[in-house]
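Scroll down for the structure; my scribbles are underneath it.
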Amino acid sequence: MPELPEVETIARGLHKRVAGDRIESVWIGNKREPLKSPAAKIAATLEGARVDQVRRVGKHIVFDLSARKGASQWIVHLGMTGRMLVAAPETETASHTHLVARLESGRELRFVDPRRFGRLEVQSAGFTGPGTEPLQVSLEDFVQLFKGRNAPIKGALLNQKLLHGVGNIYADESLFRAGIRPRRRASSLTRQESARLHSALQEVLKEAIAAGGSSVSDYVDAEGEEGFFQLQHCAYGRAGEPCLVCKTPIKKIVVAGRGTHYCPKCQK
DNA sequence: ATACCGACCTGTCAGC
DNA sequence: TGCTGACAGGTCGGTA
């Protein structure tokens, strides 16, 4: 579900609501839970810890924690359908709730994930994510990332070891804005095209963050609110509809195993 | 080293 | 109404 703008929105909301709060106790479901660290270790790390900060790294939510034993981090990846919600304890627990952290303030932090593609882990400190931050990468570094890559540019944008945080929606939207076909080999982009893609990507991500992310089917932020960037999508989810620039019907194909939307006339 | 493709899960929706 | 299959915002591991 969530890509960079959605995770950014969620992390900001969580920071606003739980920073400074303390985790009193943790409940973890016991059947095939989406854990990268052992459940006992997660519980031991979270219980008693204070949440200093909640922030985004790539598509991960990072909780910076401090406790008597020292600093640690709780790292959450929401996968396709994960949600991290702040709820009053009397609120009914959604099905597919895998973790509940009870806070000193009386509220609960709940991790819900029907498809269980999400991942939870804890570590001592220093999580940096797999790749480079798309909002911070310079044009020079951006060009360097794609140099010599034979993969389609869309696949390269989705590769988290290169840039982390870009997913299917924002890959399609930024390629549309840059006027580049998703199947073009990454190495075939001219300097000018790379520059267009670099700024298109950063613009799209910033606009999406300003809109609170894209709610296509069920994304909601930490407050349970939907985003509204889906109203500004030009390519993603618009197969068969007229291009907003030239009226040519948007095409849908499969690239790098993912549904891919583009304008056959505007994108070269 | 790089790229592709199926697997991992559940829910939803279109078509029969 | 109910079944089947395709598809969904993501990643991983095996294979070529």
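A note on names: the letters A, B, ... follow the listed sequences, proteins ahead of strands, and every chain is numbered from 1. Just so you know, these numbers use all the heavy atoms, side chains as well, and skip hydrogens, waters and symmetry mates.
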* Asked: Which whole-number value in Å describes the distance from A:R258 CZ to C:dC7 C1'?
  -> 11 Å

* Will you find, in the side chains of A:T81 and A:D113, an N or O donor that is under 3.5 Å from an N or O acceptor? -> yes

* To do: May I ask you to say what A:Y236 touches in the nucleic acid, namely base, sugar-phosphate or nothing, with a heavy-atom cut-off under 4.0 Å?
  => sugar-phosphate

* To do: Answer yes or no: is there a side-chain heavy-atom contact under 4.5 Å between A:L4 and A:R56?
  => yes

* Residues A:R107 and A:S105: side-chain donor-acceptor under 3.5 angstrom -> yes

* Asked: Can you tell me if the side-chain N/O atoms of A:R116 get under 4.0 Å from OP1 or OP2 in B:dC8?
  -> no

* Quantified in whole Å, what is the P atom distance between nucleotide B:dC9 and nucleotide C:dG14? -> 15 Å

* Asked: A:Y170 and A:E6: side-chain donor and acceptor closer than 3.5 Å?
  -> yes

* **Phosphate contact (B:dA3 OP1 or OP2) by A:K161 side-chain N/O below 4.0 Å** => no

* Structure fact -> Taken to the nearest whole Å, CZ/A:R149 to C1'/B:dA3 is 10 Å

* Asked: When all nucleic acid strands are considered with a 4.0 Å heavy-atom cut-off, which category describes A:N150: base, sugar-phosphate, or nothing?
  -> sugar-phosphate

* Transitively linked via ILVMFWY side-chain contacts under 4.5 Å: A:F146 with A:F176? -> no

* Please give, in whole Å, the distance from B:dC8 P to A:L78 CG? -> 22 Å

* **Dot-bracket line, read 5' to 3' along DNA chain B, where crossing pairs take [ ] and | marks a partner on another strand, Watson-Crick or G-U under 3.5 Å** => .|||||||.|||||||

* **Separation of the P atoms in B:dA1 and C:dT11, to the nearest angstrom** => 22 Å

* Asked: By centroid distance (under 5.5 Å) and plane angle (under 30°), are A:F117 and C:dT11 in a stacked arrangement?
  -> no

* Can you check whether A:Q160 has a side-chain N or O nearer than 4.0 Å to OP1 or OP2 of C:dT11? -> yes

* Report the nucleotide, chosen from B:dA3, C:dT11, B:dG11, that has the shortest atom-to-atom distance to any side-chain atom of A:H96. => B:dG11

* Positive for ring pair (Phe, Tyr, Trp, His ring centres under 6.0 Å) with A:F63, one of A:F111, A:F127, A:W74 -> A:W74

* Structure fact -> Closest of B:dC4, C:dG9, B:dT10 to the A:N168 side chain is C:dG9

* To do: Using the closest heavy atom to pick a nucleotide of DNA chain C for each, name whichever of A:R115 or A:L158 lands nearer the 5' end.
  => A:R115

* Structure fact -> The nucleotide from B:dG11, C:dG9, C:dC7 with an atom nearest the side chain of A:M80 is C:dG9

* Asked: Is it true that the side chains of A:H164 and A:E133 contain a donor and an acceptor less than 3.5 Å apart?
  -> yes

* **Nucleotide B:dC4, atom P - distance to NZ of A:K154 in whole Å** => 13 Å

